[in-house]
2 protein chains.
Amino acid sequence: MFEARLSNGGILRKVFEAITNLVSDVNLECNESGVTIQAMDNSHVSLVGLYLKDTAFERYRCDKNRTLGLNTQNVVKLLKLCSNDDQVLLRHDDDSESLIFIFETPGGDRVSEFELTLISIDQDSLQIPETSFSSVVTMPSNEFQRLCRDMAQFSDSLSIDVTSKNVRFSTKGSLGSGSIILRPKEGADSEAVALDVSEPCQLVFSLRYLNNFAKATPLSNSVKLSMSENQPLELEYPLEGSGSGHLRFYLARKITEDDEQE
Amino acid sequence: MFEARLSNGGILRKVFEAITNLVSDVNLECNESGVTIQAMDNSHVSLVGLYLKDTAFERYRCDKNRTLGLNTQNVVKLLKLCSNDDQVLLRHDDDSESLIFIFETPGGDRVSEFELTLISIDQDSLQIPETSFSSVVTMPSNEFQRLCRDMAQFSDSLSIDVTSKNVRFSTKGSLGSGSIILRPKEGADSEAVALDVSEPCQLVFSLRYLNNFAKATPLSNSVKLSMSENQPLELEYPLEGSGSGHLRFYLARKITEDDEQE
DNA sequence: TTCCAACCGT
DNA sequence: ACGGTTGGAA
């Protein structure tokens, strides 16, 4: 028996809304310590990682490990049926072919129960390793989204240069070029830009994917970009108000013409 | 001479907006006690019944009974030309081929007059009988609309189970199944769910039609679902602020596979 | 008929 | 700014 109660159904909806553009089917891995998703996107370019610790739930019970195959669009459809402040209870009976979503109004006078048929997904169970990075940029998530949207006007490649002093996002295309430099703010609160750089780096990424990742903006006020030379970017949205948890995206640096000449 | 003045033109517009999806042409039956419409929808599956008692009007005069054939879409077009709080005066001169709509701003500083050509509709004049029902559910109209829209995600069939304790709406489709249970609220105001059940019932209806009926939601805060086994559903939207009147829909229960096996 | 895009109302 | 509705196109 797997049973997990979230007091805020909105988080779950936003998580699936954020990843539905990337992956159509995912395996929800449930064990006693929490719930995770690790999936390659449909075009096998980027990775998505969700981690919801058991403490992120109001109530959590998972007697036996299980893998729940879900169609992300169907999950989004279903989660749209709950109001933002409804409580959400997920339930899976051992060996059942469906996952049950129960939405309860705060007053309890309305209880909706929806059953989603599980699907079987043959996908390599990824084990995304925890890695350390030489450059870490923390910034407001909406600012990152805006930046990626704006830069996409010029080209699909975004260059990110991080030094210990600042971070520079730049792009160049036929209609011109753009560059945005962010410096850490003095009175650093969580809303500000922060840098943690042991080794500067300069990497180029596809804006198409970054813009897809940025769909997760509603989940968190801040986003963390972790980079090292010759390592994929890790983009992390901490899940606020859920105790501990995060949604992460991984993207290998874009192969540019310079690389090809090597 | 037929002359009827409504202080609130919005009601009339909403009524016609609600039925224009179901019936393209209707006969407006006018007699000394008020105005009624009784019509079968275009596909001859459901019935629409409008009743506006003479007292629903600010002024009402109907010397001679008459049947005014109207194209519902044209009426909607015309009623869009009046503001929500305009007074509406309907006038029909005996034997005239048109119905006159006069819109007057509250201050009376603007008077618009429109003439709508009547059409002749050969349709059996229905006499929908007043019936009694074993299960009556009253609930907020917007909640009913939401429910029907949500359930349509799963399938076109909505099962309604009413007991003396609660009402359960459920559906089942390829992507899963859904069920919403409503219980009467304790501090029951007009916004709440109320049940009046002498005999429980369990019926299935087409969500396509229910969703069409739910277009009437703006007319009323509450909706009344009256059911008995082996009898069509009666869905009633009381016309608020119009003294006495209502818009009703009737829908026979959907024939399911179970029935066919009988 | 169903899906998508623009427009409007909240 | 979002959700809903409506109109048009496939």
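Scope of the values below: all heavy atoms of this structure, side chains included, with no hydrogens, waters or symmetry mates.
- Computed from coordinates, the B:Glu17 CD to D:dT5 P distance equals 12 Å when rounded to whole Å.
- When the C1' atom of D:dC2 is taken as reference, atom NZ of A:Lys14 falls 13 Å away, rounded to whole Å.
- Rounded to an integer number of Å, the gap from B:Arg208 CZ to C:dT1 P is 6 Å.
- Going from atom CZ of B:Arg149 over to atom P of D:dT6 covers 11 Å, rounded to whole Å.
- Checking each of A:Asn42, A:Asp41, A:Leu70 against A:Ser24 for a side chain to side chain contact (heavy atoms under 4.5 Å, CB included) leaves exactly one that passes, namely A:Asn42.
- What separates CG of A:Leu79 from C1' of D:dG3 is a distance of 17 Å, to the nearest Å.
- With no hydrogens or angles considered, a side-chain donor-acceptor pair links A:Ser155 and A:Thr171 at under 3.5 Å.
- Between the CG atom of B:Asn211 and the P atom of C:dT1 there is a distance of 15 Å, given to the nearest Å.
- Across all strands shown, B:Arg146 has no heavy atoms under 4.0 Å from either base or sugar-phosphate atoms.
- Side-chain atoms of B:Ser179 and B:Ser170 include no donor-acceptor pair closer than 3.5 Å.
- The distance from atom CG of B:Asp150 to atom P of D:dG3 is 14 Å, rounded to the nearest whole Å.
- Between A:Phe114 and A:Phe103, the angle of the ring planes lies from 30° to 60°, which puts this pair in the tilted group.
- Whole-Å rounding puts the B:Gln73 CD to D:dG7 P distance at 9 Å.
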